[in-house]
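Since the structure comes first, as C-alpha cells, the remarks are kept for the end.
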Amino acid sequence: MGRPHVRRYFGRKLLIYGLTFVVAVTVNWMIPRFMPGDPVASMLARARVSQPAAVEAMRTYYTNLFGFDQPIWQQYLNFWGALFQGDFGISIWVFPTPVADVILAAVPYTLALMIPSVLLSYWVGNRFGAFAARRKLLDNTVLPVGYILTATPYMWLAVILAWGLGVVAGWFPVAGGYSFSLQPSWSWEFFLDLLHHWILPFLSLFLVALGGWAIGMRNMIIYELESDYSNYLSALGAPSRLIRRYAYRNAILPQITGLALQLGVLVAGALVTEIVFSYPGLGSLILKAIQNQDFFLLQGTFMFIVIGVLVANFLIDIVYVLIDPRTRTGMAGAQA
Amino acid sequence: MSLRVNDLRVHYRTLKGEVKALDGVSFTMADGEILGLAGESGCGKTTLGKSLIRMDGRMRHAGGTVELDGRNLPVGDDRAMNAFRFHEVSLIPQYSMSAMNPTRRIGKMIGELLRSRGVTLDTAELHHRIDLVGLPREVLSRYPIELSGGMKQRMVMVISTLLDPSLLIADEITSALDVSTQKAVVKAMLGFRDNGFVKSMIFITHDLALTSNLADTVMIMYAGKLAEKAPADKVVKAPRHPYTQLLINSLPEIGVRYDQRKLAGIPGSPPSLLNPPKGCRFRDRCPIAGGECAEEPPVAEIEPDHFVACWKA
Ligand SMILES: Nc1ncnc2c1ncn2[C@@H]1O[C@H](COP(=O)(O)OP(=O)(O)O)[C@@H](O)[C@H]1O
Ligand code: SF4
Ligand SMILES: [Mg+2]
C-alpha cells in the first residue's frame, strides 16, 4: 500500500534536485568562460606579484584545464568529468594545493558549527515554542524575545557576542578556530581549545535560529489546538496532555518543511558568522578566495555548498515522508 | 426524566457586547427519546448542543440549570464537566469529517483516547459496533484520510458512543452527506438507540423533513428561544406556532430535488442576538402579529406534551 506513491514522490524530488544541480554546475562553468577579458591572464597577472615562481606552472595548468583549443561542448563535458573526479582545480591562494583539499580542510569547521546549531536550535526552539503556546506568562515573554532574536541579522548578533563575551568580558577568544600557539593534534588540550573557539560562533547561530523555531512552533501549536480534532478530543474529555501530544506531532510536520526552506538562510548565516569570527570554515574560505581573486577556490566552494544544501534537503524530504503518514498513504503526495 | 433543562442562558462574549445566543430555554427529555432540534441557521441549535457538553472559550453560562438522570450537570464549570463528558454526555460534532487526528491510525487513536479516560478498550465490542454501522474492521488500521466522508461520519458515530452515554448530541451530522448516505446515518442512529448504546439523543438539523423521520419529539428554536416543541407528527401535521407553520409550508413536495428546497424560505431574517428586540422575537416576520405581541409570549403547554410560545397559538 502506498509504495508507488512514495516512489513517484521521490522520483519527482530527485528529478528536481538533479535539475538544480545541473543548472548550478552549468552556471558555474559558464561564468569564467563568458566573463569579459581573459580570466587566466588576469589571474596570472595577480599571482605574478605574490608568487612569481609559480606563474609558468599556473599558466600551463589553467590553459590545459580550460582546454580553449577544444570545441565548447567538449570543454563542458570535461568540466563534468573533472567534477566527478572531485577535481575542482588548483588554488591560486595556496598554489599548488588542489581546491578540493583546501575545501575539505575547511568543511569540518563549517559542519561543526552548522550541524549542532541547526539541530539544537530546531529541537530546543520547537520544544520551547510548543510549551509556551497557550501558557500566558511564558507566551508573553517567549514571543517578544523570539521576535527580537529572529529579526536580528546573524552578523549583528555575532558582533554583539564577540564584543560582549569576547572583548569586554574576555571569556572567549573572538577569532580563529584554535589558538595560533597550538598545533592541531589529537590531544585533550587542543580539543578544549577548539571548543573554546567554537562556542561564540555556535551561540550566535544557535540563538538567531532558536527564536524563529520557537515562534513558528508556538503559532503552529495554537493553530492545531484550535483544530477540529482537538475540539473533538476536548469534548470527549481527553486530558490536555493527549491533545498537546497530538498537536505537537502535527505541528512538527510543517516545521520540517520550514527547516528545508530555511536551509539556505542558515548556510548563509553560518558563512557570515564564520567571517565575523575568522572561523576557518567555508565562509572564511569564500572571503579569502575573493580577497585573493582565487576564482577556482570560489567556484569550488560554491559547488560544494550547493551539493551540501541539496543533500541536506533530500535528507529532510526522507524524514518528512517517514513521519507524515499522509505522504506515505499517498494522498498528500499528489500535491507535493 | 433523562434530561431537564431549566431556563438555560448562554452568551458569547464579543467586542461589541454579549450575544445572547441561548436566552432562557427550558425543556425535558424522557429516557430513550430522540429529540429533533430544528430552526434556521443562527437560532442557537449548536450553542445549545455545545452548552450541554463543552462550552468554548467565548461562551459564558449566564444562568439556568441542567439535570441529567437526576444529577446536576455543571455546564458552566469546564473542569467539573469533564467527568461527565464521553461517559454521560457525548457528541457527534458538526465537523465529523475532520474530527479525527489525521496523523494517527484510527484504532490507535481510539486506544489512546480511552486510556486517557481511564477505560480499557473492549476490542470485541468495538468490532461489533463497527460491523453494525457497516464498516470493514480494517478501518482501525487506516488513517482518517483514507476513509470516505460517509465512512468517517460512521466511524465518529462509533467512537462517540463507545462508552454508552446517557445523552448523545448529534449536530448537523447529515448536512454534508448525499441523500442515500443520510438515510444510512439516520438508520444507524436509530439502531444505536434501540441497542441501548445511547439512552437519549438530541439530533440537531436545519432539515425539518429529515428530523421528522427520526425524532420522537421535535423542538423548533427561533432567535435563541424555544418556539414550539411537540411529538414529531404533531409538529409536521398540526403545527401551532406561525414560525413552525411557515417552516413546514416551505418544505418541498415529495419528489422535489434537494437543491430546490433551499430556495423556498421565510421572508426576512432573524433579529440580532446582540440586542434582541423586546416582545415576540418573530414579530417583524410574523404574518399574524398583533398588538399583544409587543410583549414576550411565554412557553405554554397547550395540550399534553405540546409547548408553544405564541400569543395566538
Ligand atoms: N463564537 C461566536 N461569537 C459570537 N456569536 C456567536 C458565536 N457563535 C455563534 N454565535 C451567534 O450565536 C447565535 C447562535 O449560533 P449557533 O448556535 O451556531 O446557531 P445554529 O447552530 O442554530 O446555526 C448566532 O446568532 C450566532 O451569530
Ligand atoms: S406571539 Fe405574535 S408575533 Fe409572535 S409568533 Fe405569535 S402571533 Fe406571531
Ligand atoms: Mg449550527
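Quick note on labels: first sequence line is chain A, next is B, and so on, each numbered from 1. Since we're looking at a predicted model, the values are computed, not measured.
Rounding to the nearest 0.5 Å gives a distance of 7.0 Å between NZ of B/K50 and CG of A/N231.
Contacts with chain A were tallied for B/L113, B/N82, B/N101; B/N101 has the most, counting heavy-atom pairs under 4.5 Å.
Remark: A/Y223 OH is loosely packed, at most 12 non-hydrogen atoms of other residues, nucleotides or ligands lying under 6.0 Å away. Heavy-atom contacts from other residues, nucleotides or ligands closer than 6.0 Å to CZ of A/F131 number 12 or fewer. Within 6.0 Å of CZ in B/R4 there are 12 or fewer heavy atoms belonging to other residues, nucleotides or ligands. With a 6.0 Å radius and a threshold of 12 heavy atoms from other residues, nucleotides or ligands, A/F206 has its CZ atom above the threshold. For CG of A/L15, the number of neighbouring non-hydrogen atoms (other residues, nucleotides, ligands) closer than 6.0 Å is greater than 12.
Heavy-atom distances place no part of B/M97 under 4.5 Å from chain A, backbone and side chain included. For A/R245, the part lying near chain B is the side chain, with the backbone staying farther off; criterion is any non-hydrogen pair under 4.5 Å. Residue A/I243: no heavy atom, backbone or side chain, is found under 4.5 Å from chain B. Contact of B/R85 with chain A is made through backbone and side chain together, with heavy-atom distances under 4.5 Å. With a 4.5 Å cut-off on non-hydrogen atoms, B/I53 touches chain A through its side chain but not through its backbone. There is no contact between B/L163 and chain A, counting heavy-atom distances below 4.5 Å.
With B/R117 contributing its side chain and A/L236 its backbone, the two residues share a donor-acceptor pair below 3.5 Å.
Side-chain atoms of B/S160 and A/Y232 include a donor-acceptor pair closer than 3.5 Å.
Contact check for B/M109 versus A/Y229: no side-chain heavy atoms found under the 4.5 Å cut-off.
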